[in-house]
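Before any comments, here is the structure.
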Protein chains: 2
Amino acid sequence: MRADPRVIRSKASIIEACAALIAEEGFSGVSIEAVANRSGAAKTTIYRHWPSREALLAEAFGVCADAALPSPDTGSLREDLRVILGGLTLKLNDAGWCSAIGSLADAAGRDAELERLHQATLSEGRRPLTAILHRAVARGDLPAGLDVEDAVALIVGPLFYRAMIARQPVDEGFVARAVDAALAELRPG
Amino acid sequence: MRADPRVIRSKASIIEACAALIAEEGFSGVSIEAVANRSGAAKTTIYRHWPSREALLAEAFGVCADAALPSPDTGSLREDLRVILGGLTLKLNDAGWCSAIGSLADAAGRDAELERLHQATLSEGRRPLTAILHRAVARGDLPAGLDVEDAVALIVGPLFYRAMIARQPVDEGFVARAVDAALAELRPG
DNA sequence: GCGGTACGATACGCCGCCGTAGCGAAGTGC
DNA sequence: GCACTTCGCTACGGCGGCGTATCGTACCGC
């Protein structure tokens with residue numbers, strides 16, 4: 001029944017349990033004891049694999065706060081935006097994802113190491129959107145002088161605000177409005 | 001030297017200390033012990049005035065997370081937006097304010113009582129903006145069918161995202177861009 | 001100066017979590 | 001079947017926070 005030892009069989013269950021706890025209790029609400037109970041692993045085993053609570057949390061964070069978004073390249077800025085914001089909406093409507101990202105954003109203000117992790121996660125998540133904006137500029141769909149970083153904030157800000165600050169569900173109508181708004185505000189005239 | 005007893009002289013210092021701790025450590029990082037140490041009051045005294053940690057935090061929260069924004073009525077939508085978002089920017093660039101709001105937003109996902117407090121704070125803060133939007137609609141500056149709640153998210157979302165999610169300072173240029181974007185996206189055509 | 005009140009100080013038992021140590025069980029390769 | 005590794009279990013001392021109980025004290029109005 002037991003899996004093959006000599007191979008580390010506890011790590012996966014520990015990370016899985018830790019990720020679930022981050023999603024439920026938030027980044028700063030996770031204790032090693034709770035991870036041990038939930039995973040079935042002994043506390044000793046956790047300390048064998050990770051030097052500290054922070055190291056474990058950082059590794060588990062990637063599981064429940066996966067920042068990967070679709071990377072469309074349809075040739076149409078509107079369509080690209082629709083796809084990418086649709087992907088973001090799926091994550092924003094996932095309470096666990098919001099809890100993980102939100103609690104890390106909060107904790108990042110008080111810990112330089114967490115701030116690095118948080119920024120890395122965010123910039124990873126921004127990449128597909130900056131890519132389609134750069135392509136749109138290259139195509140002439142958007143003005144040449146566009147500040148892409150500002151544009152990203154203008155585009156995704158409303159969605160993040162709705163889900164993580166106002167804490168309301170993000171429905172399709174709002175996403176459509178956000179796409180329209182993005183196009184209206186980024187295009188000249 | 002001491003102030004007049006028979007009058008409660010400890011409450012103010014306790015609330016002040018608690019508010020400072022919320023700003024520094026976040027909503028869920030405040031212990032009664034820490035409040036006692038910081039305020040100079042005895043733990044006993046705190047429990048005499050508040051039945052629970054939550055009650056104290058809720059009361060102190062208002063001090064460091066004051067949601068009041070300017071309520072301009074200049075007759076010009078652009079100018080009203082400029083004033084109100086300028087006021088919001090001041091708060092968003094205050095690390096203590098962001099810590100208080102952000103940590104409560106995070107904690108609200110796991111506690112119904114905190115969710116109520118958070119929503120109350122937010123709707124209080126939204127009021128001046130919804131007011132100017134309604135006035136703009138009445139003037140004909142904005143289309144009659146405007147969904148004001150959605151519009152609020154579209155307008156303030158980018159600023160909240162910048163400050164509390166991306167955790168970058170909100171400069172004047174970005175605010176100006178947000179005002180332009182809001183006008184471009186809300187106006188027909 | 002006598003009750004009454006607001007308060008500080010100390011101490012209590014309880015709990016959850018920390019990080020570590022020591023042990024035995026189970027399965028591996030050789 | 002022996003050496004080795006992974007792992008679970010139990011127990012440890014220490015810490016910080018919880019909420020309460022018991023004092024002593026300073027200051028008020030009367």
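Chain letters run A, B, ... following the sequence lines, proteins first and then strands; every chain starts at 1.
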Rounded to the nearest angstrom, tell me the gap between atom CG in A/L57 and atom C1' in C/dC18. 14 Å
Using only atom types and a distance under 3.5 Å, with no angle test, would you say the side chain of B/T89 pairs donor to acceptor with the backbone of B/L85? yes
Assess whether a salt bridge exists between B/R162 and A/D150, defined as any Lys/Arg side-chain N lying under 4.0 Å from an Asp/Glu carboxylate O. yes
Which part of the nucleic acid, if any, lies within contact of B/R48, taking any heavy atom under 4.0 Å across all strands shown: a base, the sugar-phosphate backbone alone, or nothing? base
Would you say a side-chain N or O of A/H49 is under 4.0 Å from OP1 or OP2 of D/dT6? no
With distance as the sole criterion, is a donor-acceptor pair present between the side chains of B/S71 and B/R127 under 3.5 Å? no
By nearest heavy atom, map A/P51 and A/S31 onto DNA chain C; which one lands nearer the 5' end? A/S31
Pair B/S76-B/R82, side chain to side chain donor-acceptor pair (under 3.5 Å): steps then yes or no: CA-CA 10 Å; B/S76 152; B/R82 225 184 47 73; over 6 Å; no
Distance in angstrom units between A/R53 CZ and C/dG19 C1', rounded: 14 Å
Give the rounded distance in Å between these two atoms: OH of B/Y47 and P of D/dT20. 7 Å
Fit a plane to each ring of A/F61 and A/F27, take the angle between them on a 0 to 90° scale, and name the class: parallel (under 30°), tilted (30 to 60°) or perpendicular (over 60°). perpendicular
Distance, rounded to the nearest Å, where B/I14 contributes CD1 and C/dG8 contributes P: 7 Å
Rounded distance (Å) that lies between atom C1' of D/dG19 and atom CD1 of B/I32: 10 Å
Starting at atom CH2 of A/W50, determine the distance to atom P of C/dG19, rounded to an integer number of angstrom. 15 Å
Any ion pair linking A/R110 and B/E25 (charged N to carboxylate O, less than 4.0 Å)? no
With the threshold set at under 4.0 Å for non-hydrogen atoms, list the residues of residues 36-45 of chain A touching DNA chain D in residue-number order. A/G40, A/A41, A/A42, A/T44, A/T45
Point-to-point distance, once rounded to the nearest 0.5 Å, from CD1 of A/I165 to CE of B/M164: 4.0 Å
Please report the distance, rounded to the nearest Å, between CD in B/E25 and P in D/dG17. 10 Å
Are A/S10 and D/dT6 close enough that a side-chain N or O sits under 4.0 Å from OP1 or OP2? no
Find the distance A/E33:CD to D/dG14:C1' and express it as a whole number of Å. 13 Å
